[in-house]
Each structure stands twice: as structure tokens, then as C-alpha cells.
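Structure first, then comments.
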Amino acid sequence: MKELLRYMKEYRKESVLAPLFKLLEATFELFVPLVMASIIDKGIVNEDYSHIAKMGGILILLAIVGLAMALTAQYFAAKAAVGFSTKLKHELFGHIQKLSFGDMDRIGTSTMITRMTSDVNQVQNGVNLVLRLFLRSPFIVFGAMGMAFTIDVKAALVFVVAIPLLSVVVFGVMIASIPLYKKVQGALDTILGRTRENLTGARVLRAFHKEEEEREKFIAENDTLNHVQMAVGRISALMNPITFVIINGAVIALIWLGAVHVDNGILTQGEVVALVNYMSQILVELVKLANLIVSVNKAVACGNRIQELFETKPGLISDERAESGACNLTPVVFDKVGLTYPGAAEESLTDISFCADKGEMVGVIGGTGSGKTSLVHLIPRFYDITKGALTLGGEEVSKWNLQQLRERVGVVLQKSVLFQGTIRSNLLWGKEDATEEEMWEALRIAQADEIVKKKQKGLDEPVEQEGRNFSGGQRQRLAIARALVGKPEILILDDSASALDYATDARLRKAIRESLDTTVFVVSQRAASVRNADKIVVLEDGCVAGIGTHDELLDTCGVYREIYESQYGKGAR
């Protein structure tokens, strides 16, 4: 949590002014019981109405000035807290963007979302309350005790006994509740993950009639969260009643002691009222302090969780050396490459060896779970190889600067995702300074130009979140066009034509081959999508089952022949 406070540097002025104005407000508040004592002892007892009016005016003035100080303090505290959380979110989001696919798989999407939203909001609330109350409440508590000593030393000893008892209660609750708040946020991660999974898979749940089963799982996880929250709630709830018992006991002692002193002429009635008012002020401030402690506990627990995410070092380290850009990415050479995902017991890829030369189209085919996507994800270095060597243009992939590497590798993933904006803004992801001609050329090659021409606003047609206003085939073609805008040296089509009909798929592959001098990796379960490739890599259980052309593999590779015949019939060529 301490590390996160560096994001407060830009708000040093606000961090000083907020508690300063709160202390000024508290100072004026400490004078209120003395004014009330004066009204009682001099105004009411002596029936001096002018004195009452004068002191009443002072009370109104103290209230107005105190309100102004409080509003000013709130403004600076809110500005610092919101600015802090904004900076923190920006930095956290930027850090998440640097994490590798493996890091994200290990941490979990729901956990990162919780830390970006709920945890940051808790920390923001904690910062706001600390700036407003962390100094004010103790100042009022000890200030009231000090003012009590100016009135009567013996009566003030009640404060000396009550305040340490209250401190024990407050800090005891704090120590007991901090670990539980961490468990609460962890259970919240689980709930968020379950909710996110159910919402994104709603169609599948209904298709398999699993609503009741998922509801039961959600109820069980929600009950776990509820039990943890109830446990921490019970501990936190002890603070207010115990605080009130101690304070009210102190008030009783003050009234009893004050009555004796008034009867003996040591204290006046107004001074006893002032002492009770000071004790009431202490009660109010300790209740605020108790709530502050609860909020700070939450903020610290959430801040530690955020810091844990910051301390997660990116699994992929980029070579930051300057590249001239003259070096080619081809040939792409896999030399006995192995890949084991983080936490996995077995390899996902084993002894993969083949070469893809410049301008070649390489097909990658195999059954579900054979490692096709894992293979092509190694080229743009979404994952690091764990065995063997992978070289691009004669240089190990780990030696390439990640930004430059990915600028020169176009990737269309299995799930085509379009971002909210326009068609134009989505295409500019492929090349920031792309001209309109370059965008239309990419759309033509991707067989998506007709889609855009039919839209009323053309390239400026709005795109909803995840491209919901386009069909699956349209999204795939626009995603391919986005990858083609930058004219990449290597293009990876990871089962990205699954929603296209065979004719459109064929036209797409023909247009890419004729229009671009690009090394293309086509991942597909369709034999038709790879049959015309210069080289086909057949995978089975993470191993190479065969490499060659379509005709060669039909004669030499049983796995490929089985896939082909399952789609075209036995004996088909």
C-alpha cells in the first residue's frame, strides 16, 4: 500500500490544505463549549440578554466559518483522492497491458477487473477520509481533553481514563479485521468471475439447460462471500456499541463528579455543561474515527491487492535495443521448439521443427487441442518458448523488440473482436497513419469492401462494442482487413475464416497471395483452407504428424488423410 502513495506526489498541495482546513474547522469547534458555558454562567444566570445575544452571534459566526473551512477541506480532499485514483487506474491499466498472455491466464480476468474497479474505489474512499478525518478526529479528541484540563483537572482525569480504553477498542478491531477484508475481496473476485462467465456464456447455458446448476454454484459462492462479510461485519459492528458504552460511562462519571463540584462551589453549571459537551465531541469524533478505521482497513487491504498486481513482473521481457528496420522477419525457423504453459504439468508443443520462407503460405491443421493456436502464438511472442529455438530472419524471437516485432506481424485471432468506434478507427489499429486508399485496399483483399460500401456512412459507420452490429462473417473480414492495413511481413490467420463460406474463403486466400508479398500462416480445421498452401504442418497432440503439400500428405500422413476424408468423403483427392 505504501508504494501506491507515490501517485499522490502531484497532489501535495491538496494533501496539505485538506487536513489544514479541517484542523482550522476543529479549532473553531473546540471553542463552542466555552461559548455555551459563558452563555449559561453569565447570560442565563445573570439574566444578561445582551451577553446571550453577543455569544449567540459568536456561535453563528463560528458555525459559518467552520462550514466554510469544512467545504474547502472537502474540495481539496476530493480533488486529491479522485486525482490519485485516476492516476492509479491509468498506471494499473498500463501495467496490465504489459503483462503477457501467460500472466493474464494465471492471474485471471475477473481478478484484474476487480482490482481496477472495486479495489481502486475503496482506496480512493480511504484516501478521501484520511485527508479529512485522520488529523481532525485525534485533534478534537486530544484538544477536548486539553480544554477539559483548563476547566477542571480532576474532572479531566475521566478523559485520561476513557481515551486509552477507546484506543484499545479501535485498534483491536482494526488488527482483527484487516485480514478478513482481504478474504472479502478474494471472494468478490470469485463472484465476479462466475458472473462474467455466465453473462458471456448465456446462450450456451440456455442451450444445455444449465441455468439451475449455475445458479446453485453462484448461490454457494455468494454464500461464502456473505459469511466472510458477516464475520468482518460482526467484528466491525462491535466498535460503535463498545465506544458508546465507554463514552456514556465517562459522561455519567462527569455528571456525578460535576454535580459534587458544583455543590462544593468548585465548578459552575456552565463548566459542567462544557465538560459534557467536550465528552460528546469526543464521542462523535471517535465514532467518525471508528468508521475511518474500517474504511482505512478496506483501503489498505485493497491497496495491497493492487500492489501485488503491480509487483507482477511481465513474463515477456523485450529487447529495447534500436532496430534499423532493415532486417527481415523471414525465414521463420522452428528448431525442436517446445512450449509448456505456466502451471501446466505437460508440454503443449513438443519438438516442433519446420521452416517458412518469405512469401510462403503455410497451413497449420490438426484436431481440436492439437496445439495449432499455441504454435502460431509463438511467432509474435505472445508466449515464450520453453525448449528449442525459434528464429525470425536468423535472429532469436526473444531478441526482437516486442513493439517492432508486433508492428510487422499481423494477427487475426480466433475470436474476431471489433472495438467501439467506427470502421475507420478499427482499421487504424493496423496502421495509425493509414490513408483512405490503404484502408480500401485492405478491405478489398479481405473481401470486406462490399460490407462498407453498403453502409450509409462508409468508413465512418459506427461499430458497437465487440462489433455486435455486424454478423460473425463481417466481423472476421473486418478484423482481417485491420491486420492487412499495415501490410505485415508475416500474417497469421488463426482460424479467422471459420464464419466465411467456402467461396469467400477461397477468394480471400487468392487475394492475399496475389496482392501481398507476405508470409502467411493459415490455421484452420478446414482442409479446403490449407490445401493450396505451399506447406502444410499437421499437428497431433502437440507434435508434428506430417509436413508437406496436400498431395504429399494424403499419401504419407494418416492424420491429414483422416481429416480430409472426414470432410470430403473416403477416397477423395
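Just so it is clear, the model here is predicted, and its values are computed rather than measured.
- The two residues Gln567 and Gln525 have their closest heavy-atom pair at NE2-O, 2.6 Å.
- At least one side-chain heavy atom of Arg381 sits under 4.5 Å from a side-chain heavy atom of Leu405.
- Pairs passing the salt bridge (charged side-chain N to carboxylate O under 4.0 Å, His left out) check and including a residue from residues 346-356, sequence neighbours excluded, read Glu347-Lys387.
- Under 3.5 Å, the side chains of Tyr7 and Ser85 contain no donor-acceptor pair of N or O atoms.
- Shown here is Asn222, whose CG atom has more than 12 heavy atoms of other residues, nucleotides or ligands within 6.0 Å.
- Between Val123 and Val300, every side-chain heavy-atom pair lies at or beyond the 4.5 Å cut-off.
- Between Glu461 and Arg424, no side-chain nitrogen of the basic residue sits less than 4.0 Å from a carboxylate oxygen of the acidic one, so the salt-bridge criterion is not met.
- Ring-plane geometry between His377 and Tyr383 is classed as parallel, the angle between the planes falling under 30 degrees on a 0 to 90 degree scale with a further cut at 60.
- Taking Ser498 as the reference, Gln476 meet the side chain to side chain donor-acceptor pair (under 3.5 Å) condition, with sequence neighbours excluded.
- Of all non-hydrogen atoms in Pro331 and Asp357, the two that sit nearest each other are CB-OD1, 3.6 Å.
- Ring-plane geometry between His550 and Tyr560 is classed as perpendicular, the angle between the planes exceeding 60 degrees on a 0 to 90 degree scale with a lower cut at 30.
- Donor-acceptor pairing under 3.5 Å is recorded for the side chains of Asp505 and Ser529.
- When the side chain to side chain contact (heavy atoms under 4.5 Å, CB included) test is applied to Arg305, the partners found at least two apart in sequence or on another chain are Thr114, Arg115, Asp119, Gln185, Asp189.
- Looking at residues two or more places apart in sequence or on another chain, you find a salt bridge (Lys or Arg N to Asp or Glu O under 4.0 Å) between Arg194 and Glu197, Glu214, Glu221.
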query = Can you list the steps and then say if Ile490 with Ile492 is a side chain to side chain contact (heavy atoms under 4.5 Å, CB included)?
reply = CA-CA 7 Å; Ile490 297 175; Ile492 297 172; 4.2 Å; yes

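- A salt bridge does not link Asp449 with Lys454: none of the charged nitrogens is closer than 4.0 Å to a carboxylate oxygen.
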Worked check of side chain to side chain contact (heavy atoms under 4.5 Å, CB included) between Val232 and Val184 = CA-CA 8 Å; Val232 71; Val184 168; 4.1 Å; yes

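- Between Arg531 and Tyr564, the closest side-chain pair of non-hydrogen atoms falls below 4.5 Å.
- Side-chain contact between Arg215 and Ile219: present, with at least one pair of heavy atoms (C-beta onward) separated by less than 4.5 Å.
- Under the 4.0 Å criterion applied to side-chain N and carboxylate O atoms, Lys87 and Glu91 are assigned as salt-bridge partners.
- Closest of all the heavy-atom pairs between Ser374 and Leu339 is CB-CD2, 3.9 Å.
- Arg406 is linked by a salt bridge (Lys or Arg N to Asp or Glu O under 4.0 Å) to nothing, counting only residues two or more places apart in sequence or in another chain.
- Residues meeting the side chain to side chain contact (heavy atoms under 4.5 Å, CB included) test with Val452, sequence neighbours left out: Ile423, Trp440, Leu443, Leu459, Leu478.
- The two residues Ile113 and Thr117 come nearest to each other via the heavy atoms O-OG1, 2.7 Å.
- For the side chain to side chain donor-acceptor pair (under 3.5 Å) test, no residue two or more places apart in sequence or in another chain qualifies with Glu216.
- With sequence neighbours left out, the salt bridge (Lys or Arg N to Asp or Glu O under 4.0 Å) criterion links Glu514 to no other residue.
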message = Determine whether Phe521 and Asp494 satisfy the following criterion, side chain to side chain contact (heavy atoms under 4.5 Å, CB included), listing intermediate values before the conclusion.
response = CA-CA 8 Å; Phe521 288 82; Asp494 184 5; over 6 Å; no

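- Atom CD of Gln97 has more than 12 neighbouring heavy atoms from other residues, nucleotides or ligands inside a 6.0 Å radius.
- Looking only at atom types and distance, the side chain of Asp501 has a donor-acceptor partner in the side chain of Thr504 under 3.5 Å away.
- In the model, Thr195 has no side-chain atom that pairs as donor or acceptor with a side-chain atom of Asn198 under 3.5 Å.
- The number of heavy atoms from other shown groups lying within 6.0 Å of CZ (Phe93) does not exceed 12.
- The six-membered or imidazole ring of Tyr11 lies away from that of Phe84, with a centre-to-centre distance of 6.0 Å or more.
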inquiry  = Walk me through whether Arg444 and Ser515 qualify under side chain to side chain contact (heavy atoms under 4.5 Å, CB included).
reply    = CA-CA 10 Å; Arg444 183 191 64 77; Ser515 304; 3.2 Å; yes

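- Every side chain to side chain donor-acceptor pair (under 3.5 Å) that Lys431 has, sequence neighbours left out, goes to Glu438.
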Side-chain donor/acceptor pairs under 3.5 Å, residues 481-488, sequence neighbours excluded:
unit_1: Arg482; atom_1: NH1; unit_2: Val417; atom_2: O; d: 3.0
unit_1: Arg482; atom_1: NH2; unit_2: Val417; atom_2: O; d: 2.9

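- A salt bridge does not link Asp555 with Arg561: none of the charged nitrogens is closer than 4.0 Å to a carboxylate oxygen.
- Looking at Glu213 and Lys217, a side-chain N of the basic residue comes within less than 4.0 Å of a carboxylate O on the acidic one, giving a salt bridge.
- The two atoms that bring Leu508 and Ile445 nearest to each other are CD1-O, 3.4 Å, heavy atoms only.
- Looking at heavy atoms from C-beta onward, Leu192 lies out of side-chain contact with Thr111 at the 4.5 angstrom threshold.
- Side-chain contact between Asn328 and Glu489: present, with at least one pair of heavy atoms (C-beta onward) separated by less than 4.5 Å.
- Other residues, nucleotides and ligands contribute more than 12 heavy atoms inside 6.0 Å of the NZ atom of Lys358.
- In this structure Cys543 satisfies the side chain to side chain contact (heavy atoms under 4.5 Å, CB included) test together with Thr350, sequence neighbours excluded.
- Pairing each heavy atom of Asn125 with each of Ser295, the nearest pair is ND2-OG, 4.0 Å.
- Remark: Glu562 pairs with no residue by the salt bridge (Lys or Arg N to Asp or Glu O under 4.0 Å) rule, at least two apart or across chains.
- Between Arg513 and Asp534 the shortest side-chain heavy-atom distance falls below 4.5 Å.
- Around atom CD of Gln403, no more than 12 heavy atoms belonging to other residues, nucleotides or ligands sit under 6.0 Å away.
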